[in-house]
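Report on the following structure.
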Amino acid sequence: MAASLSRPCFISLHLPYRQGWAQHLANTFRFQPVAVRETPRVRQLALRQESAIFLVNERLAPASTSSCDFLYDIDPQPTLGTASNVCFEVDDVPGLCRRLQSQGCSLLVPPTELSDDGGSVTYGVVSSVVGNISHTLLDRSSYRGPFLPGFQPIQGAPSATGDGIKITHFDHITYVCPRGGARAALDWYQRCFGFHRFLLNPQERPAEGYVLGEQGMGMLLLALQSAQETPAHGCKLVFAESLSQNGANQVDTFLEQHGGAGIQHVGLCTTDIVSTTRALQQQGVRFFTPPAAYYSQGGKAEEIRGVGQDPHMLAELGILLDTKVPGDKDQSGTDATESPSQEYLMQIFTHPIFSEETFFLELIDRRGAPGFGEGNIRALWKAVQVYMDQQQ
Ligand SMILES: O=C(O)C(=O)Cc1ccc(O)cc1
């Protein structure tokens, strides 16, 4: 029997020695520091906005070869910043770890119990088949503390409320897979974790995946959602693979600069992308913006006005809007293009947040649309292409 995982509890970021980033997440993205664990060698800081939690792992001393210093995670020994662990809450950690091992998965941390005044948790860590990614499997059903045993709560940190930043949860996590590797990754997550297939777009054929293959693009996308979530409210996993023959592109560049497959971006769900983007821009966060022509060509302004948004406002901030995305009903096979609706989504993507062109964040505002817009993905691809060409 496959496991039943729910929405991620936290996503873990690792920074090499002397590269602080936690402060940036707190100061600019207004993630609230909620708990910290510090040893002579490492600092682990949990930062939260509603149900989105990042665990930022920093080294305070050069890497040692001794046992792992990081709790609830392994040490990926990064030479550069990387998002390498996704923690899922599960009911039965020992049972799931046994099942995963019998399916050939490698168990990096065996089931371990930790407790403090708030109660106890059980966790284990398994290795994913994709790049440097691992998964912490956590049962915190008997725990009442603010984060996890082993961490000190941080009281009275400023909250994001009032800043205009409204992030509610992780919407999706996008992996970059090696060429030829996306299907195997999808199969592994289905088989081991019980995720269900999620069709990204009405044009997607399940056997092939969603291929974006014209206009200078070459990318295969496949997606899953966890069994417990509805399409509109879950955290999806998206697997991206480059099919491009046209030189440098964002997927191949990730593989090269990250040193292999891994997490390329995390989609942060916002209930107000306009106020959140504006507030983040004021804090100095830089975003990929499409060329001005995006908002004027091919009826885009009408499409934007048609759903009650303001094309000038979106253009000023660089926000992408797509109405051609499937609704819930379309997961059963109906073609969304046959049933026009007011469902749409808006997205914007930050520049890479570490010094390499690797990991970035996305804001996504879903107005009833659980899928992904082809127009937005193409616009992002082009915007990144222009940026990469300028960097060379
Ligand atoms: O649109 C999204 O958020 C996706 O996750 C799809 C995607 C995947 C990889 C890319 O390099 C760009 C877009």
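Numbering of ligands and ligand atoms starts at 1, following listing order. Being a predicted model, the structure only gives us computed values, none of them experimental.
The number of heavy-atom neighbours closer than 6.0 Å to NE2 of His351, taken from other residues, nucleotides and ligands shown, is above 12.
Taking the centre of each ring, Tyr123 and Tyr72 come in below the 6.0 Å mark.
For Tyr189, the ring pair (Phe, Tyr, Trp, His ring centres under 6.0 Å) partners are His135, Tyr175, Phe193, Phe239, not counting sequence neighbours.
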Counting only pairs under 3.5 Å, give me each side-chain donor-acceptor contact of residues 263-272, with atom names and distances, residues two or more places apart or in other chains.
from   : atom 1 : to     : atom 2 : distance (Å)
His265 : NE2    : His172 : NE2    : 3.3
His265 : NE2    : Thr174 : OG1    : 3.3
His265 : NE2    : Glu362 : OE1    : 2.9
Thr270 : OG1    : Lys166 : O      : 2.7
Thr270 : OG1    : Asp272 : N      : 3.0
Thr270 : OG1    : Asp272 : O      : 3.3
Thr270 : OG1    : Thr276 : OG1    : 3.1
Asp272 : OD1    : Val274 : N      : 3.3
Asp272 : OD1    : Ser275 : N      : 3.1
Asp272 : OD2    : Ser275 : OG     : 3.2

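Contacts classified as salt bridge (charged side-chain N to carboxylate O under 4.0 Å, His left out) and involving residues 279-300 (residues at least two apart or in different chains) are given here: Lys300-Glu303.
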Protein N/O near ligand 1 N/O, under 3.5 Å, which pairs?
from     : atom 1 : to     : atom 2 : distance (Å)
ligand 1 : 1 (O)  : Gln347 : NE2    : 3.3
ligand 1 : 3 (O)  : His172 : NE2    : 2.9
ligand 1 : 3 (O)  : His265 : NE2    : 3.1
ligand 1 : 3 (O)  : Glu362 : OE1    : 2.6
ligand 1 : 3 (O)  : Glu362 : OE2    : 3.4
ligand 1 : 5 (O)  : Thr174 : OG1    : 2.8
ligand 1 : 5 (O)  : His265 : NE2    : 3.2
ligand 1 : 11 (O) : Gln250 : OE1    : 2.6
ligand 1 : 11 (O) : Gln264 : NE2    : 2.9

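A salt bridge does not link Arg378 to Asp322: none of the charged side-chain nitrogens sits closer than 4.0 Å to a carboxylate oxygen.
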